[in-house]
2 protein chains.
Amino acid sequence: MAKKQIYLLDRIDRHLLTLLNDNSRVSLKELAQHIGMSAPSTTERLRKLEDAGVLLGYRVEIDPVVLGYGLTAIVRIRQLPGQLQKVEALIREIPEFIECDKVTGEDCFIARLLLQDIGDLEPIMARISEYAETNTAIVKSTPVKRRLPPLHQ
Amino acid sequence: MAKKQIYLLDRIDRHLLTLLNDNSRVSLKELAQHIGMSAPSTTERLRKLEDAGVLLGYRVEIDPVVLGYGLTAIVRIRQLPGQLQKVEALIREIPEFIECDKVTGEDCFIARLLLQDIGDLEPIMARISEYAETNTAIVKSTPVKRRLPPLHQ
DNA sequence: AATGAAAGTGTTTATCC
DNA sequence: GGATAAACACTTTCATT
């Protein structure tokens, strides 16, 4: 399998992606004005970034706290022998797990968990603990909120 | 300080947020058609979700791999005595750290790090290691990509 | 809180450079 | 790869329920 081709961004691509990450519902006209191009050229730039797979999609950022999820936890999970599939399926099924990575090292999964309050931790973790050892850290603050990858020249 | 008021979503709010998270550049007309309302009512719904702080913004999803970041690492960081500010500042300054949470427990920070290849790990971690003990796990796969919080009734 | 219709504005297509 | 201009489509405002 050939290595995936890297897409080289120019100054305008970087500007476009940054503007869209500030507000992806911005109008094409406004985008075009900011980058100093015509609207059709701006459309064409976006199409290329999408076709190349750089721009995977346009999402929303939602505040979990306003929806009642006052706590975020980061859970490290090491499944018991033979339980990898079961643990992975559980994490997928429990919607409070909003992200999960499988990693190298002694932990096998690292997952991000939303909780309404600390009382919700135990019932959720009890479901996992049948099949895995876990380590839970509660998020106190977030010095760096999810940001874009570095967009080099 | 009073507890932040929780915003109760109805069926239409949940539908709107889901549609926007699939494609936040969708037109108001299309949004309105999907939820079975007029365009002005849809605008008003969005405005309320924004004003209530549920909808924090409209972002893009970018594929780091296509930009050359073939590796993701999750780094746990425990600063040496008196070095908390320095460690936090370093993580903020290094753009390859795309997210960082401060957590309870023996680790102090958990951060997500993008790397072009494994050779880039050492120079970045060397900068941190002057001020902290670290533990790095390489992401092998992502069973759950970042998804929306559960949107209950 | 929502609608329909008109006025205002933005987007797309076609053509050219 | 980008620009202009005309045709087309969408969004916002307003009056109404």
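Letters A, B, ... mirror the listed sequences (proteins, then strands); counts begin at 1.
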Separation of atom CD1 in A:I35 from atom C1' in D:dG2, rounded to whole Å: 11 Å

Sugar-phosphate only, base, or nothing, as touched by A:S27 at under 4.0 Å among non-hydrogen atoms: sugar-phosphate

A:K29 NZ - D:dT4 C1' separation (whole Å): 15 Å

B:Q33 CD - D:dA9 P separation (whole Å): 13 Å

Minimum-distance nucleotide (side-chain atoms of A:P40 versus C:dG10, D:dT11, C:dT12): C:dT12

N or O in side chain of B:R45 less than 4.0 angstrom from C:dA2 OP1/OP2: yes

Nucleotide D:dA3, atom C1' - distance to CE of A:M37 in whole Å: 10 Å

Touch class at under 4.0 angstrom, heavy-atom based, for A:S38 against every strand present: base

Euclidean distance, atom CG of residue B:D10 to atom P of C:dA1 [Å, nearest integer]: 10 Å

Whole-Å gap separating P (D:dA3) and CG (A:L28): 12 Å

Side-chain touch A:Y7/A:D13, heavy atoms, less than 4.5 angstrom: yes

Below 4.0 Å: OP1/OP2 of C:dT3 and any side-chain N or O of B:S41: yes

Atom-pair distance (CD on A:E30; P on C:dT11), nearest Å: 10 Å

Interatomic spacing from CZ in A:F109 to NZ in A:K102 - rounded to 0.5 Å: 5.0 Å

Side-chain heavy-atom pair A:L113, A:I98 within 4.5 angstrom cut-off: no

Distance (rounded to the nearest 0.5 Å) between A:I77 CD1 and A:C100 SG: 6.0 Å

Spacing between A:R25 atom CZ and C:dT11 atom C1', to the nearest angstrom: 14 Å

